[in-house]
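Below: the structure, in structure tokens.
Quick note on labels: first sequence line is chain A, next is B, and so on, each numbered from 1.
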Protein chains: 2
Amino acid sequence: MNNESAKKLSPYHHGNLKEELLQTATDMIDKEGIDSITLRDLTQRLGTSRTAVYRHFASKEALILGVIERGYEQLDLMFTPIFQESTKSVAQRFNAMARAYLDFAIEHPNIYRLLFGDKYHKEREELCDYKDESQATGLYALIGLLVEGQEEGSIAPVNPMVQAAMAWASIHGLASLLIDGHLMMSDNIEAIYEYSIDALLKGLKG
Amino acid sequence: MNNESAKKLSPYHHGNLKEELLQTATDMIDKEGIDSITLRDLTQRLGTSRTAVYRHFASKEALILGVIERGYEQLDLMFTPIFQESTKSVAQRFNAMARAYLDFAIEHPNIYRLLFGDKYHKEREELCDYKDESQATGLYALIGLLVEGQEEGSIAPVNPMVQAAMAWASIHGLASLLIDGHLMMSDNIEAIYEYSIDALLKGLKG
DNA sequence: CATTAAATGTTAACATTGTCAACATAAAAC
DNA sequence: GTTTTATGTTGACAATGTTAACATTTAATG
């Protein structure tokens, strides 16, 4: 049952090192932050030598880019079902998406900063690259949601990429200020959030 | 005329080291980013030994906190006159403030990240600490502007701190996504900005 | 099966960097 | 003029990412 106990007594070959490097690195970054992780610490926890990393990743940066990729996947996995709940209104789904996004940032600030900060950049499609919004995943599905809103008249007929960028920026700004400690009004976070969503929807409505 | 030429041929005492450390560090961070600056590089440019820093700052972090303090002052200096232009409408001043804020972020992305990122924290008053909004400076003056708007009826009568937080987050999010390379739609930046301001003002109006 | 090649892991060593301790020199105080 | 304080220097150290050279296990090949 337990992966740990199944491990042999440190055989020469680890067996699953790449996967465990990614997993443990993710955990460490999540808990301690991107600047605290060291390859020596990481490999020590996995019982390998410090340079074993280099058999699976070209550099520390490459490993971290792998962690980022995982992070995006996790985020996308969280978003996609929300957008597909077509029984709910556009506004409700928009709200649910924003909430989930903010919750992720608050629960995993270090991962969030890694994904949306400037230090490491994992190339991925940009908002403007979208083509078929019906099958878009993650953040790109936001565009599809806005298009749907435009069709039913609850969202103003404006370039949906511009709208998506604005909405994303708005929630991203809130998330960033919060997790980076620039908004201290702990008691008012909920009020700020609700006011933001409200203002956003008003603004998007036109 | 030229400070550089006025310097003696490396006398034992530098004369103005603390000031020049702050200035040069600011320049270096502005150009190369916070992670590129090293004390050795910094001191070498000033012609002193690597450890001279420690006669003026307790640590590298302390020096950087000094740079941050300068940054805030620079930003405040930029904002205060905008808010005091009482001939212009609240909306116009709000717009001017947002534009100046964004321009600063775009022109000095590395400084901006230093001020509003998570890595270093210079304690300063929070939005919620404001008391007399009429004499607030910098970002805090935003609250005063919103109060003024509420009094004349152009801004909805809602807790102005909540409104300020939302507005700040909105523009901060846009600035962050832009300078961190997560919004690539270079041609649409202006459109996104104008749409954001528009939606923000609509949202604030109520 | 035997041999070779590829994959994976280890140890030793290096350059970079922030920092401290000990010492040197200039300026200020008395 | 002597002492104290402020300021600057050199040498050393620990932490860290990385490379080179070597070891071992697994896979491929005949």
Checklist line | Any residue of residues 31-43 of chain B with a heavy atom less than 4.0 Å from an atom of DNA chain C | finding: B:Ile37, B:Thr38, B:Leu39, B:Arg40

Next item on the list: Test ring-ring contact (aromatic ring centres under 6.0 Å, His included) on B:Phe104 and B:His108 and set out the steps.
Entry: CA-CA 6 Å; B:Phe104 178 84; B:His108 305 285; 5.4 Å; yes

Notebook entry, point to check: To the nearest angstrom, how far is B:Arg50 atom CZ from C:dC20 atom P?
Noted result: 14 Å

Notebook entry, point to check: Quick one: do B:Asp27 and B:Lys31 make a salt bridge, cutoff under 4.0 Å?
Noted result: no

Notebook entry, point to check: What's the spacing between A:His172 NE2 and B:Ser170 OG if we round to 0.5 Å?
Noted result: 11.5 Å

Next item on the list: Measure from CG on B:Leu17 to C1' on C:dA26 and round the result to the nearest Å.
Entry: 14 Å

Notebook entry, point to check: Over how many whole Å does the gap from B:Met28 atom CE to C:dT17 atom C1' extend?
Noted result: 13 Å

Notebook entry, point to check: Rounded to whole angstrom units, what separation is found between the NZ atom of A:Lys18 and the P atom of C:dA7?
Noted result: 13 Å

Check: Okay, side chain of A:His182, backbone of B:Gly117: is any donor-acceptor separation there less than 3.5 Å?
Finding: yes

Next item on the list: Look only at the side chain of A:Glu32 and the backbone of A:Ile37, and say whether a donor-acceptor pair between them is shorter than 3.5 Å.
Entry: no

Notebook entry, point to check: Which residues within residues 51-67 of chain A lie with some heavy atom under 4.0 Å of an atom in DNA chain C?
Noted result: A:Thr51, A:Ala52, A:Arg55, A:His56

Checklist line | Gap between atoms CD and C1', on A:Glu19 and C:dT8 respectively (whole Å) | finding: 17 Å

Check: What residues, two or more places apart in sequence or in another chain, satisfy salt bridge (Lys or Arg N to Asp or Glu O under 4.0 Å) together with B:Glu69?
Finding: B:Lys122

